[in-house]
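So the structure is just underneath, and the comments pick up after that.
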Amino acid sequence: MVDLLTVDDALARVLEHAAPLPSEPVSIDDALGRVLAEPARALVDLPPFPSSAMDGFAVRAVDTPGDLPVAFRVAAGAAPPGALPAGSAAGIATGGTVPDGADAVVPVEDVEDRGDTVVVPEAEGGQHVRPRGGDVRAGDVVVEDGIRVTAVRLGALAAAGVAGVSCARRPRVAILATGSELRSPGEQLEPGQIYESNRRMLAAALEGSGATTEVLPVVADDVSAHRAGLERALESDVVVTSGGVSMGPHDLVRRVAADLGVEEVFWGVAIKPGKPLAFGVRDSTLVFGLPGNPVSSLVGALVFVRTALLALQGARDPLPVYASGRLTSALRRNPRRDEFVRARSRWTDDGRLLEPVTGQESHMIVRASTADVLVHVPRGDGEVATGGTVRFLELG
(Lines give C-alpha, C1' and ligand atoms only; values in the text may rest on other atoms or scores of the structure.)
Protein backbone atom coordinates (compact mmCIF):
# COMPACT_ATOMS: atom_id res chain seq x y z
CA MET A 1 0.00 0.00 0.00
CA VAL A 2 1.36 3.41 -0.99
CA ASP A 3 1.92 5.87 1.86
CA LEU A 4 -0.01 9.01 0.98
CA LEU A 5 1.51 12.41 1.57
CA THR A 6 -0.55 15.03 3.36
CA VAL A 7 -1.58 18.01 1.25
CA ASP A 8 0.86 20.25 3.12
CA ASP A 9 3.76 17.82 2.70
CA ALA A 10 3.03 17.44 -1.00
CA LEU A 11 2.92 21.22 -1.46
CA ALA A 12 6.23 21.54 0.37
CA ARG A 13 7.86 19.03 -1.99
CA VAL A 14 6.52 20.86 -5.01
CA LEU A 15 7.93 24.15 -3.71
CA GLU A 16 11.35 22.56 -3.13
CA HIS A 17 11.62 22.06 -6.88
CA ALA A 18 9.99 25.29 -8.12
CA ALA A 19 12.93 27.69 -8.41
CA PRO A 20 12.04 31.14 -9.80
CA LEU A 21 12.52 31.54 -13.53
CA PRO A 22 14.88 34.20 -14.97
CA SER A 23 13.63 37.77 -15.02
CA GLU A 24 12.94 39.96 -18.02
CA PRO A 25 12.04 43.62 -18.61
CA VAL A 26 8.31 44.18 -19.04
CA SER A 27 6.51 47.29 -20.23
CA ILE A 28 3.96 48.64 -17.81
CA ASP A 29 1.38 48.06 -20.53
CA ASP A 30 2.05 44.31 -20.32
CA ALA A 31 2.63 44.01 -16.56
CA LEU A 32 -0.87 43.14 -15.37
CA GLY A 33 -0.80 39.76 -13.60
CA ARG A 34 2.99 39.53 -13.64
CA VAL A 35 5.14 39.01 -10.53
CA LEU A 36 7.88 41.57 -9.90
CA ALA A 37 11.41 40.21 -9.71
CA GLU A 38 12.73 43.50 -8.31
CA PRO A 39 11.08 46.29 -6.31
CA ALA A 40 9.55 49.02 -8.50
CA ARG A 41 10.44 52.49 -7.22
CA ALA A 42 8.74 55.82 -7.79
CA LEU A 43 10.46 58.18 -10.22
CA VAL A 44 8.68 61.25 -8.85
CA ASP A 45 7.08 62.54 -5.69
CA LEU A 46 3.35 61.88 -5.77
CA PRO A 47 1.75 64.35 -5.92
CA PRO A 48 4.74 66.02 -7.59
CA PHE A 49 3.63 69.43 -6.24
CA PRO A 50 1.19 70.69 -3.59
CA SER A 51 -2.21 70.33 -5.26
CA SER A 52 -5.79 71.21 -4.55
CA ALA A 53 -8.25 68.52 -3.51
CA MET A 54 -11.20 70.72 -4.46
CA ASP A 55 -12.43 73.25 -6.99
CA GLY A 56 -12.26 76.51 -5.05
CA PHE A 57 -9.91 79.28 -4.00
CA ALA A 58 -6.39 79.04 -2.64
CA VAL A 59 -5.82 81.41 0.27
CA ARG A 60 -3.56 82.20 3.18
CA ALA A 61 -5.44 80.96 6.23
CA VAL A 62 -4.40 84.04 8.21
CA ASP A 63 -6.27 86.23 5.67
CA THR A 64 -9.59 84.50 6.36
CA PRO A 65 -12.44 85.17 6.83
CA GLY A 66 -12.72 88.16 4.53
CA ASP A 67 -13.47 89.74 1.19
CA LEU A 68 -10.36 89.04 -0.89
CA PRO A 69 -9.36 90.17 -4.37
CA VAL A 70 -8.76 87.37 -6.91
CA ALA A 71 -5.09 87.63 -7.91
CA PHE A 72 -5.25 84.94 -10.65
CA ARG A 73 -6.82 81.58 -11.46
CA VAL A 74 -4.99 78.24 -11.77
CA ALA A 75 -6.23 75.47 -14.07
CA ALA A 76 -5.21 71.84 -13.67
CA GLY A 77 -2.06 71.23 -15.70
CA ALA A 78 -0.95 74.87 -15.60
CA ALA A 79 1.60 76.41 -13.26
CA PRO A 80 0.61 79.45 -11.19
CA PRO A 81 2.02 82.70 -12.55
CA GLY A 82 3.72 83.35 -9.24
CA ALA A 83 3.30 83.31 -5.50
CA LEU A 84 -0.02 84.31 -3.98
CA PRO A 85 0.13 87.92 -2.77
CA ALA A 86 -0.79 88.47 0.88
CA GLY A 87 -4.43 89.38 1.42
CA SER A 88 -5.67 87.80 -1.84
CA ALA A 89 -7.11 84.57 -3.25
CA ALA A 90 -6.47 82.48 -6.34
CA GLY A 91 -9.10 80.47 -8.14
CA ILE A 92 -7.98 76.85 -8.46
CA ALA A 93 -9.24 73.64 -10.05
CA THR A 94 -9.06 70.19 -8.50
CA GLY A 95 -5.54 68.91 -9.07
CA GLY A 96 -4.21 72.40 -9.72
CA THR A 97 -0.88 73.52 -8.25
CA VAL A 98 -1.33 75.42 -4.99
CA PRO A 99 0.71 78.62 -5.39
CA ASP A 100 3.54 79.46 -3.04
CA GLY A 101 2.26 81.41 -0.09
CA ALA A 102 -1.16 79.72 -0.03
CA ASP A 103 -1.73 77.12 2.67
CA ALA A 104 -5.44 76.30 2.32
CA VAL A 105 -8.17 75.85 -0.26
CA VAL A 106 -11.76 76.95 0.33
CA PRO A 107 -14.31 74.91 -1.67
CA VAL A 108 -16.16 76.88 -4.32
CA GLU A 109 -19.53 76.06 -2.75
CA ASP A 110 -18.45 77.85 0.45
CA VAL A 111 -17.39 81.03 -1.37
CA GLU A 112 -19.35 84.01 -2.65
CA ASP A 113 -17.66 84.64 -6.00
CA ARG A 114 -18.10 88.24 -7.18
CA GLY A 115 -15.71 87.96 -10.10
CA ASP A 116 -12.86 90.20 -9.09
CA THR A 117 -13.29 89.47 -5.39
CA VAL A 118 -14.49 86.58 -3.27
CA VAL A 119 -15.99 86.39 0.19
CA VAL A 120 -14.42 83.42 2.00
CA PRO A 121 -15.15 81.90 5.40
CA GLU A 122 -12.47 81.13 7.94
CA ALA A 123 -10.03 78.47 6.69
CA GLU A 124 -7.58 76.24 8.52
CA GLY A 125 -4.02 75.82 7.33
CA GLY A 126 -3.63 72.67 5.22
CA GLN A 127 -7.33 72.16 4.48
CA HIS A 128 -7.99 70.60 1.05
CA VAL A 129 -4.29 70.81 0.14
CA ARG A 130 -2.55 67.62 -0.97
CA PRO A 131 1.09 67.96 0.11
CA ARG A 132 3.91 67.16 -2.28
CA GLY A 133 4.96 63.53 -1.80
CA GLY A 134 1.99 62.84 0.46
CA ASP A 135 1.39 59.50 -1.31
CA VAL A 136 4.96 58.46 -2.13
CA ARG A 137 8.40 60.04 -2.42
CA ALA A 138 10.72 59.61 -5.38
CA GLY A 139 12.85 56.53 -4.81
CA ASP A 140 10.39 54.86 -2.45
CA VAL A 141 9.10 51.38 -3.29
CA VAL A 142 5.73 51.37 -5.03
CA VAL A 143 5.38 47.58 -5.44
CA GLU A 144 7.66 45.10 -3.69
CA ASP A 145 9.38 42.19 -5.43
CA GLY A 146 7.45 38.94 -5.28
CA ILE A 147 4.12 40.75 -5.59
CA ARG A 148 1.72 40.34 -8.52
CA VAL A 149 0.67 43.42 -10.43
CA THR A 150 -3.07 43.97 -9.99
CA ALA A 151 -5.23 46.72 -11.47
CA VAL A 152 -4.66 49.05 -8.52
CA ARG A 153 -0.91 48.34 -8.48
CA LEU A 154 -0.77 49.02 -12.20
CA GLY A 155 -2.36 52.41 -11.53
CA ALA A 156 0.11 53.12 -8.75
CA LEU A 157 3.10 52.28 -10.94
CA ALA A 158 1.88 54.48 -13.77
CA ALA A 159 1.13 57.38 -11.41
CA ALA A 160 4.63 57.11 -9.95
CA GLY A 161 6.15 57.38 -13.43
CA VAL A 162 7.23 53.74 -13.74
CA ALA A 163 7.25 52.83 -17.44
CA GLY A 164 8.71 49.34 -17.10
CA VAL A 165 9.36 46.68 -14.46
CA SER A 166 11.44 43.54 -14.04
CA CYS A 167 9.33 40.38 -13.85
CA ALA A 168 10.00 36.67 -13.78
CA ARG A 169 9.40 35.08 -17.15
CA ARG A 170 5.95 33.57 -17.58
CA PRO A 171 6.04 29.80 -17.09
CA ARG A 172 5.23 27.83 -20.25
CA VAL A 173 2.76 25.05 -19.50
CA ALA A 174 2.01 22.10 -21.79
CA ILE A 175 -1.33 20.39 -21.14
CA LEU A 176 -1.80 16.83 -22.28
CA ALA A 177 -4.79 14.50 -21.92
CA THR A 178 -4.46 10.74 -22.30
CA GLY A 179 -7.07 8.15 -23.19
CA SER A 180 -8.12 6.29 -26.33
CA GLU A 181 -11.76 6.86 -25.36
CA LEU A 182 -11.53 10.65 -25.63
CA ARG A 183 -13.11 12.61 -28.48
CA SER A 184 -13.45 16.32 -29.14
CA PRO A 185 -16.80 18.03 -28.64
CA GLY A 186 -18.67 18.00 -31.95
CA GLU A 187 -17.38 14.60 -33.03
CA GLN A 188 -19.63 11.56 -33.18
CA LEU A 189 -19.28 9.32 -30.14
CA GLU A 190 -18.93 5.60 -30.65
CA PRO A 191 -19.73 3.07 -27.91
CA GLY A 192 -17.36 3.46 -24.96
CA GLN A 193 -16.20 6.96 -25.96
CA ILE A 194 -16.62 10.25 -24.07
CA TYR A 195 -15.95 13.88 -24.82
CA GLU A 196 -12.62 15.28 -23.62
CA SER A 197 -13.07 18.30 -21.33
CA ASN A 198 -10.02 18.50 -19.10
CA ARG A 199 -7.52 20.24 -21.36
CA ARG A 200 -9.66 23.35 -21.88
CA MET A 201 -10.68 23.43 -18.23
CA LEU A 202 -7.08 23.15 -17.00
CA ALA A 203 -5.85 25.81 -19.41
CA ALA A 204 -8.54 28.20 -18.17
CA ALA A 205 -7.76 27.41 -14.52
CA LEU A 206 -4.02 28.03 -14.95
CA GLU A 207 -3.92 31.10 -17.20
CA GLY A 208 -5.02 33.24 -14.25
CA SER A 209 -1.79 32.27 -12.52
CA GLY A 210 0.42 34.11 -15.01
CA ALA A 211 1.31 31.14 -17.19
CA THR A 212 1.11 30.71 -20.91
CA THR A 213 -0.54 27.44 -21.85
CA GLU A 214 -0.28 25.13 -24.83
CA VAL A 215 -3.00 22.52 -25.26
CA LEU A 216 -1.49 19.48 -26.94
CA PRO A 217 -3.38 16.78 -28.87
CA VAL A 218 -4.99 13.92 -26.98
CA VAL A 219 -2.69 10.92 -26.54
CA ALA A 220 -3.96 7.39 -27.18
CA ASP A 221 -3.31 4.56 -24.75
CA ASP A 222 -0.16 3.15 -26.26
CA VAL A 223 3.48 3.61 -25.34
CA SER A 224 4.63 5.22 -28.58
CA ALA A 225 1.86 7.83 -28.51
CA HIS A 226 2.63 8.62 -24.87
CA ARG A 227 6.33 8.93 -25.62
CA ALA A 228 5.76 11.32 -28.52
CA GLY A 229 3.31 13.45 -26.54
CA LEU A 230 5.45 13.65 -23.43
CA GLU A 231 8.65 14.39 -25.36
CA ARG A 232 6.95 17.39 -26.89
CA ALA A 233 5.44 18.49 -23.57
CA LEU A 234 8.80 18.27 -21.77
CA GLU A 235 10.08 21.20 -23.83
CA SER A 236 7.97 23.43 -21.53
CA ASP A 237 8.62 24.66 -17.99
CA VAL A 238 5.66 22.71 -16.62
CA VAL A 239 3.92 19.61 -17.92
CA VAL A 240 0.36 18.86 -16.83
CA THR A 241 -1.07 15.52 -17.88
CA SER A 242 -4.62 14.36 -17.27
CA GLY A 243 -5.39 10.65 -16.89
CA GLY A 244 -3.19 7.58 -16.96
CA VAL A 245 -1.58 7.96 -13.52
CA SER A 246 -3.41 5.22 -11.59
CA MET A 247 -2.57 1.50 -11.56
CA GLY A 248 -4.56 0.14 -14.49
CA PRO A 249 -3.03 -1.62 -17.51
CA HIS A 250 -3.57 1.48 -19.67
CA ASP A 251 -2.14 3.94 -17.12
CA LEU A 252 1.14 4.63 -18.89
CA VAL A 253 2.06 8.21 -17.95
CA ARG A 254 4.34 7.49 -15.00
CA ARG A 255 6.16 4.63 -16.73
CA VAL A 256 6.79 6.51 -19.96
CA ALA A 257 7.75 9.68 -18.07
CA ALA A 258 10.33 7.68 -16.12
CA ASP A 259 11.72 6.27 -19.37
CA LEU A 260 12.14 9.86 -20.57
CA GLY A 261 14.18 10.82 -17.51
CA VAL A 262 11.49 12.22 -15.24
CA GLU A 263 12.40 11.60 -11.59
CA GLU A 264 9.23 10.96 -9.61
CA VAL A 265 9.15 13.00 -6.40
CA PHE A 266 5.88 11.56 -5.11
CA TRP A 267 2.81 9.65 -6.17
CA GLY A 268 -0.34 9.69 -4.07
CA VAL A 269 -1.71 12.47 -1.88
CA ALA A 270 -4.19 12.17 0.98
CA ILE A 271 -6.77 14.27 -0.82
CA LYS A 272 -10.25 13.62 -2.17
CA PRO A 273 -10.80 13.97 -5.04
CA GLY A 274 -7.38 13.54 -6.64
CA LYS A 275 -5.51 10.89 -4.64
CA PRO A 276 -3.46 9.36 -7.52
CA LEU A 277 -1.61 12.61 -8.24
CA ALA A 278 1.99 12.28 -9.40
CA PHE A 279 4.74 14.91 -9.35
CA GLY A 280 8.21 14.64 -10.84
CA VAL A 281 11.03 16.65 -12.34
CA ARG A 282 13.34 16.45 -15.31
CA ASP A 283 16.09 19.01 -14.97
CA SER A 284 14.14 22.22 -14.29
CA THR A 285 10.86 21.02 -15.83
CA LEU A 286 8.08 20.20 -13.37
CA VAL A 287 5.74 17.35 -14.31
CA PHE A 288 2.29 16.96 -12.79
CA GLY A 289 0.30 13.82 -13.50
CA LEU A 290 -3.31 14.59 -12.61
CA PRO A 291 -6.10 12.00 -12.46
CA GLY A 292 -8.44 11.82 -15.41
CA ASN A 293 -11.74 12.39 -13.61
CA PRO A 294 -12.52 16.05 -14.31
CA VAL A 295 -13.07 17.27 -10.75
CA SER A 296 -9.97 15.43 -9.54
CA SER A 297 -7.98 17.07 -12.30
CA LEU A 298 -9.35 20.51 -11.45
CA VAL A 299 -8.61 20.19 -7.74
CA GLY A 300 -5.04 19.08 -8.48
CA ALA A 301 -4.53 22.07 -10.76
CA LEU A 302 -5.92 24.61 -8.30
CA VAL A 303 -4.11 23.30 -5.23
CA PHE A 304 -0.78 22.09 -6.62
CA VAL A 305 -0.10 23.35 -10.14
CA ARG A 306 -1.15 26.93 -9.42
CA THR A 307 1.15 26.94 -6.40
CA ALA A 308 4.07 25.82 -8.57
CA LEU A 309 3.36 28.43 -11.23
CA LEU A 310 3.36 31.26 -8.70
CA ALA A 311 6.56 29.94 -7.12
CA LEU A 312 8.23 29.80 -10.54
CA GLN A 313 7.43 33.50 -10.88
CA GLY A 314 8.96 34.30 -7.49
CA ALA A 315 5.71 35.05 -5.68
CA ARG A 316 6.29 35.71 -1.99
CA ASP A 317 3.39 33.53 -0.91
CA PRO A 318 2.53 31.04 -3.66
CA LEU A 319 0.39 28.74 -1.49
CA PRO A 320 -3.37 28.52 -2.09
CA VAL A 321 -5.30 31.50 -0.72
CA TYR A 322 -8.22 30.46 1.44
CA ALA A 323 -11.17 32.48 2.70
CA SER A 324 -13.54 31.57 5.52
CA GLY A 325 -17.25 30.86 5.60
CA ARG A 326 -19.90 28.85 7.45
CA LEU A 327 -21.60 25.66 6.36
CA THR A 328 -25.34 25.49 5.77
CA SER A 329 -25.27 21.73 6.41
CA ALA A 330 -22.96 19.34 8.22
CA LEU A 331 -20.11 17.58 6.40
CA ARG A 332 -18.65 14.29 7.55
CA ARG A 333 -14.88 14.13 7.81
CA ASN A 334 -12.85 11.53 5.97
CA PRO A 335 -10.55 9.78 8.49
CA ARG A 336 -7.69 9.39 5.99
CA ARG A 337 -7.94 12.20 3.44
CA ASP A 338 -8.58 15.92 3.27
CA GLU A 339 -11.63 16.58 1.10
CA PHE A 340 -12.47 19.44 -1.21
CA VAL A 341 -16.24 19.71 -1.38
CA ARG A 342 -17.94 21.69 -4.11
CA ALA A 343 -20.33 24.29 -2.74
CA ARG A 344 -22.35 27.37 -3.63
CA SER A 345 -21.74 30.50 -1.60
CA ARG A 346 -23.89 33.46 -0.74
CA TRP A 347 -23.35 36.60 1.31
CA THR A 348 -25.51 37.35 4.33
CA ASP A 349 -25.33 39.86 7.17
CA ASP A 350 -23.50 37.18 9.15
CA GLY A 351 -20.87 36.54 6.48
CA ARG A 352 -20.48 34.04 3.69
CA LEU A 353 -22.59 30.88 3.80
CA LEU A 354 -21.52 27.73 1.96
CA GLU A 355 -24.04 25.19 0.66
CA PRO A 356 -22.58 21.89 -0.60
CA VAL A 357 -23.97 20.87 -3.99
CA THR A 358 -25.49 17.46 -4.62
CA GLY A 359 -23.30 14.99 -6.48
CA GLN A 360 -19.73 15.11 -5.14
CA GLU A 361 -18.31 12.25 -7.22
CA SER A 362 -15.13 13.16 -9.07
CA HIS A 363 -16.56 12.49 -12.54
CA MET A 364 -19.53 14.89 -12.03
CA ILE A 365 -18.17 17.99 -13.74
CA VAL A 366 -21.64 19.32 -14.63
CA ARG A 367 -22.72 19.12 -10.99
CA ALA A 368 -19.43 20.79 -10.04
CA SER A 369 -20.16 23.63 -12.46
CA THR A 370 -23.05 24.74 -10.23
CA ALA A 371 -20.55 25.47 -7.43
CA ASP A 372 -18.35 28.52 -7.02
CA VAL A 373 -16.08 27.39 -4.16
CA LEU A 374 -14.14 24.36 -2.95
CA VAL A 375 -14.66 23.81 0.77
CA HIS A 376 -11.65 22.27 2.51
CA VAL A 377 -12.66 19.61 5.03
CA PRO A 378 -9.58 18.43 6.96
CA ARG A 379 -9.23 14.70 7.51
CA GLY A 380 -10.35 13.40 10.88
CA ASP A 381 -13.20 11.83 12.77
CA GLY A 382 -16.75 13.02 13.21
CA GLU A 383 -18.15 15.91 11.21
CA VAL A 384 -18.03 19.64 10.70
CA ALA A 385 -21.37 20.77 12.09
CA THR A 386 -23.96 22.95 10.45
CA GLY A 387 -22.84 26.54 11.00
CA GLY A 388 -19.24 25.43 11.45
CA THR A 389 -16.50 27.67 10.11
CA VAL A 390 -14.45 26.24 7.25
CA ARG A 391 -11.97 27.60 4.76
CA PHE A 392 -12.49 27.50 1.01
CA LEU A 393 -10.92 28.25 -2.34
CA GLU A 394 -12.65 30.31 -5.01
CA LEU A 395 -13.53 28.32 -8.13
CA GLY A 396 -13.94 31.38 -10.35
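These numbers come from the heavy atoms of this one structure, side chains and all, not from hydrogens, waters or symmetry mates.
Side-chain contact between Val256 and Val223 is present, with heavy atoms from C-beta onward closer than 4.5 Å. With a 4.5 Å cut-off on side-chain heavy atoms, Leu206 and Arg306 count as touching. Between Lys275 and Arg336, the closest side-chain pair of non-hydrogen atoms is not below 4.5 Å. Residues Leu11 and Pro320 are in side-chain contact: their nearest non-hydrogen atoms beyond the backbone lie under 4.5 Å apart. Between Val384 and Val390 the shortest side-chain heavy-atom distance falls below 4.5 Å. Between Met201 and Ile365 there is a side-chain heavy-atom pair separated by less than 4.5 Å. Within the 4.5 Å cutoff, no side-chain heavy atoms of Val59 are placed close to those of Asp63. Proximity of Arg200 to Val215: side-chain heavy atoms (C-beta onward) are nowhere separated by under 4.5 Å.
Ionic pairing of Arg13 and Glu263 is not present here: no N-O contact between side-chain nitrogen and carboxylate oxygen is shorter than 4.0 angstrom.
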- Show your reasoning for whether side chain to side chain contact (heavy atoms under 4.5 Å, CB included) applies to Val299 and Leu277. CA-CA 10 Å; Val299 169; Leu277 185 147; over 6 Å; no
- Message: Test side chain to side chain contact (heavy atoms under 4.5 Å, CB included) on Leu230 and Thr241; report intermediate values, then the result.
- Response: CA-CA 9 Å; Leu230 284 170; Thr241 67; 3.9 Å; yes
- What's the verdict on side chain to side chain contact (heavy atoms under 4.5 Å, CB included) for Glu383 and Arg332, showing C-alpha distance, side-chain angles and the deciding distance? CA-CA 4 Å; Glu383 66 179 21; Arg332 182 162 297 280; 4.1 Å; yes
- Task: Report the C-alpha distance between Leu176 and Val253 in whole Å, list the side-chain angles of each, state the deciding distance to 0.1 Å, and finish with yes or no for side chain to side chain contact (heavy atoms under 4.5 Å, CB included).
- Result: CA-CA 10 Å; Leu176 186 70; Val253 169; over 6 Å; no
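For Leu154, the side-chain contact (heavy atoms from CB on, under 4.5 Å) criterion is met by Ile28, Ala31, Val149, not counting sequence neighbours. Residues satisfying the side-chain contact (heavy atoms from CB on, under 4.5 Å) criterion with Arg346, sequence neighbours excluded, are Thr328, Thr348, Leu353, Glu355. Qualifying side-chain contact (heavy atoms from CB on, under 4.5 Å) partners for Asp135, counting only residues two or more places apart in sequence or in other chains: Leu46. For Arg199, the side chain to side chain donor-acceptor pair (under 3.5 Å) partners are Glu196, not counting sequence neighbours. Residues that satisfy the side-chain contact (heavy atoms from CB on, under 4.5 Å) test with Ala311, not counting sequence neighbours, are Leu15, Ala18, Pro318.
For the residue pair Thr212 and Arg170, no side-chain donor N or O sits within less than 3.5 Å of a side-chain acceptor on the partner. Counting only N and O atoms by type, the side chains of Thr6 and Asp8 include no donor and acceptor under 3.5 Å apart.
Proximity of a side-chain donor or acceptor of Ser180 to a complementary backbone N or O of Ala220 within less than 3.5 Å is not detected. Within the 3.5 Å criterion, the main-chain N or O of Pro273 finds no donor-acceptor partner in the side chain of Ser362. Asp55 places a side-chain N or O within 3.5 Å of a backbone atom of Thr94 that can act as its donor or acceptor partner. The backbone N or O of Ser209 sits less than 3.5 Å from a side-chain atom of Gln313, completing a donor-acceptor pair. With Asn334 contributing its side chain and Arg337 its backbone, the two residues share a donor-acceptor pair below 3.5 Å. Judged by distance alone, the side chain of Thr178 and the main-chain N or O of Gly243 form a donor-acceptor pair under 3.5 Å. Using a distance-only test at 3.5 Å, with no hydrogens or angles considered, a donor-acceptor pair links the side chain of Trp267 to the main chain of Val245. With Arg282 contributing its side chain and Leu260 its backbone, the two residues share a donor-acceptor pair below 3.5 Å. A donor-acceptor pair under 3.5 Å is absent between the side-chain atoms of Asp283 and the main chain of Thr285, judged by distance alone.
Interatomic distance, CD of Gln360 versus CG of Leu331, reported as 8.0 Å (0.5 Å rounding). Expressed to the nearest 0.5 Å, how far CG of Leu157 lies from CG of Leu36 amounts to 6.5 Å. Once rounded to the nearest 0.5 Å, the distance linking OG of Ser52 with CZ of Arg130 reads 7.0 Å.
Pairing each heavy atom of Gly210 with each of Arg148, the nearest pair is N-NH2, 4.0 Å. Taking both residues in full, the closest heavy atoms of Gly192 and Glu181 are given as O-CB, 3.6 Å, listed atom of the first, atom of the second, then distance. Taking every heavy atom of both residues into account, Ala151 and Leu32 meet most closely at N-CD1, 3.7 Å. Nearest heavy-atom pair across Ala89 and Leu84 is C-CD1, 3.7 Å. Residues Val366 and Ser369 come closest through the heavy atom pair O-OG, 2.5 Å. Of all heavy-atom pairs spanning Val14 and Ala308, the tightest one is CG1-CB, 3.7 Å.
Among residue pairs with one or both ends in residues 32-51, those qualifying as salt bridge (charged side-chain N to carboxylate O under 4.0 Å, His left out) are Glu24-Arg34, Asp45-Arg132, Asp45-Arg137; sequence neighbours excluded. Pairs engaging residues 280-316 under the ring pair (Phe, Tyr, Trp, His ring centres under 6.0 Å) rule: Phe279-Phe288 [sequence neighbours left out]. Listed by first and then second residue, the ring pair (Phe, Tyr, Trp, His ring centres under 6.0 Å) pairs involving residues 165-184 amount to none (not counting sequence neighbours). Residue pairs meeting the ring pair (Phe, Tyr, Trp, His ring centres under 6.0 Å) criterion with at least one member in residues 362-391, sequence neighbours excluded: Tyr322-His376, Phe340-His376. Legend: ring pair (Phe, Tyr, Trp, His ring centres under 6.0 Å) pairs involving residues 152-211, not counting sequence neighbours: none detected.
Considering Val375, Thr386, Val377 in turn, Val375 is the only one that fulfils the side-chain contact (heavy atoms from CB on, under 4.5 Å) rule with Leu327.
Cluster annotation: Leu354 and Val295 are assigned to distinct hydrophobic clusters (Ile/Leu/Val/Met/Phe/Trp/Tyr, side-chain heavy-atom contacts under 4.5 Å, transitive). No continuous path of hydrophobic side-chain contacts links Phe49 to Val74 [ILVMFWY only; heavy atoms under 4.5 Å]. Note on Leu374 and Leu290: same hydrophobic cluster, where clusters join Ile, Leu, Val, Met, Phe, Trp and Tyr whose side-chain heavy atoms are under 4.5 Å apart, directly or indirectly. Transitive grouping of hydrophobic side chains (ILVMFWY, heavy atoms separated by less than 4.5 Å) keeps Val373 and Leu395 in distinct clusters. Both Val173 and Leu302 are members of a single hydrophobic cluster when ILVMFWY side chains are connected at heavy-atom separations under 4.5 Å.
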Identify each donor-acceptor pair in which a side-chain atom of residues 103-117 lies under 3.5 Å from a protein atom, sequence neighbours left out, and give them as a table.
unit_1 : atom_1 : unit_2 : atom_2 : d
Asp103 : OD1    : Ala61  : N      : 2.8
Glu112 : OE2    : Arg114 : NE     : 3.1
Glu112 : OE2    : Arg114 : NH2    : 3.4
Asp113 : OD1    : Gly115 : N      : 2.9
Arg114 : NH1    : Asp67  : OD2    : 3.0

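Cluster note: Val218 groups with Leu182, Ile194 through ILVMFWY side-chain heavy atoms spaced under 4.5 Å, whether in direct contact or through intervening members.
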